[in-house]
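Naming: A, B, ... by sequence-line order, numbering from 1 per chain. Hydrogens, waters and symmetry mates are skipped; everything else that's a heavy atom, side chains included, is used.
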Amino acid sequence: MPELPEVETIAQNLKMGIDTPTLIGQEITKVSTRWPRHIERPSISTFRKKIRNRIIEDVGRRGKYLVLDLDEGTLLIHLRMSGDIRMINEEDVRGRFEHTILHFASGWQLRFSDARKFGRMILVRDPEEIFAKLGPEPLDPEFTVEAFANILSNKKRMIKPLIMDQSFIAGMGNIYTDEALHIAGIHPSRRSDGLTSGQVEALWSGIRMALLAGIQNNGASIDWIYRGGEYQNHFRVYQQPGEPCPVCETPIERIVLGQRGTHYCPSCQREK
DNA sequence: CACGAGACCTGTTCGC
DNA sequence: TGCGAACAGGTCTCGT
């Protein structure tokens, strides 16, 4: 479920506390889990010890990581494929996929629902340990067309897998990459070093437009796992094989690239 | 360095 | 109706 817009939405909701209290100021009393591998590091016992009595001071996002600043250290949460996280009152029945729970002194809980169990929590002293491996934030004002052209200039790869590489740009996943490439009119298997400067600019713009539209719609809710977002109602190509292209009516095609389902318009996004 | 395949996991949906 | 195959928002590791 989570790419940049979904994680951003979750972070904002947890911070604002829409129908629940805000996460900010909550004191963690303990963590409970039925799937210990949700705790990637430090070891589960150290994690339990260090997380106890910590206060959450801020909530944010970096790439696809949900970032909880604590009074000592930082808790990073990665939702991977099927993760979802929300504030729930301790009275509420535990859901089928709510494998890991942070308990707060207030009686509220942060529940990590994760059907496929790929998600991870990481407690670090300095989040730079993790963030150093991430590429730039695509919505950051510093991420200009020139900056994009610059990082692109060293690469010679197929464009779609490149855009999804977190060390190249942070936060792009399968949905928003397919959408961005369609907006830009670029075939997903084109080589990154074969783009014209016009295409580079169109792609930079397409990436930002797709992400902003996603955030504006609170992210995308595709299947039974996520709730909330509406962006799935605005997909141009993602998971729309056979449907008419919103631009030219040509049926959308589906291929596999880098082992990921890939959707594009064979007319708007020419191979060569 | 670039790239494909296999792992890690489980649930839902599709095709026969 | 039943049952296996295909597919799913991500990322890591290994071999070529």
Parallel, tilted or perpendicular: rings of A:Phe112 and A:His38 (30°, 60°): parallel
Nucleotide of B:dT12, B:dA2, C:dG10 approaching A:Arg96 most closely (side-chain heavy atoms): B:dT12
Between P of C:dG10 and CG of A:Leu4, the distance in whole Å: 11 Å
Interatomic distance, A:Phe168 CZ vs C:dT11 P [rounded to whole Å]: 15 Å
Approximate separation, where rounding is to 0.5 Å, of A:Arg236 CZ and A:Cys268 SG: 8.0 Å
Among B:dC3, C:dT11, C:dG9, the one nearest A:Lys64 by side-chain distance: C:dT11
Nearest-angstrom distance, P atom, C:dT1 to B:dG11: 23 Å
Nearest-angstrom distance from the residue atom CG of A:Asn174 to P of C:dT11: 11 Å
From B:dA2, C:dG10, B:dG11, nucleotide with atom closest to A:Ala115 side chain: B:dG11
A:Phe235 vs A:Tyr65, nearer the 5' end of DNA chain C by closest nucleotide: A:Phe235
Sugar-phosphate only, base, or nothing, as touched by A:Gln259 at under 4.0 Å among non-hydrogen atoms: base
Shortest non-hydrogen separation from A:Gln240 to A:Ile252 and the atoms involved: O-CB, 3.3 Å
Side chain of A:Arg254 (C-beta onward), nearest among C:dG10, C:dC7, B:dG4: C:dC7
Sugar-phosphate only, base, or nothing, as touched by A:Tyr238 at under 4.0 Å among non-hydrogen atoms: sugar-phosphate
Residue whose nearest DNA chain B nucleotide is more 5′ - A:Lys117 or A:Lys155: A:Lys155
Working for side chain to side chain donor-acceptor pair (under 3.5 Å), residues A:Lys15 and A:Thr22: CA-CA 5 Å; A:Lys15 184 164 181 165; A:Thr22 173; over 6 Å; no
For C:dA6, the Watson-Crick or wobble partner whose two distances fall under 3.5 Å: B:dT12
Sugar-phosphate, base or nothing in reach of A:Arg120, heavy atoms under 4.0 Å: nothing
Distance, rounded to the nearest Å, where A:Ile77 contributes CD1 and C:dG10 contributes P: 18 Å
Touch class at under 4.0 angstrom, heavy-atom based, for A:Tyr176 against every strand present: nothing
Parallel, tilted or perpendicular, as decided by the 30° and 60° cut-offs, for the rings of A:Tyr231 and A:Tyr176: parallel
Backbone of A:Ala149 reached by a side-chain donor or acceptor of A:Trp204 within 3.5 Å: no
Nearest-Å distance once atom C1' is located in both B:dC9 and C:dC7: 14 Å
P-based separation of C:dA5 from B:dG6 [nearest Å]: 16 Å
Distance below 4.0 Å between A:Arg260 side-chain N/O and C:dG9 OP1 or OP2: yes
Gap between atoms CZ and C1', on A:Arg116 and B:dT12 respectively (whole Å): 11 Å
Between C1' of C:dG10 and CD1 of A:Ile163, the distance in whole Å: 17 Å
Between C:dC3 and B:dC8 - P atom distance, rounded Å: 26 Å
Salt bridge (Lys or Arg N to Asp or Glu O under 4.0 Å) between A:Arg157 and A:Asp165, worked out: CA-CA 11 Å; A:Arg157 292 176 57 184; A:Asp165 182 337; 2.9 Å; yes
Aromatic-base stack, A:Phe118 on B:dC8, cutoff 5.5 Å, angle under 30: yes
Nearest-angstrom distance from the residue atom CD of A:Glu6 to P of C:dA8: 16 Å
Nearest-Å distance for atom pair CG/P, residues A:Asp165 and B:dC3: 11 Å
OP1 or OP2 of B:dA7 under 4.0 Å from side-chain N/O of A:Arg37: no
Below 4.0 Å: OP1/OP2 of C:dG10 and any side-chain N or O of A:Gln166: no
Proximal nucleotide (of B:dT10, C:dT11, B:dA2) relative to the A:His78 side chain: C:dT11
P atoms of C:dT11 and B:dT12, separation to the nearest Å: 24 Å
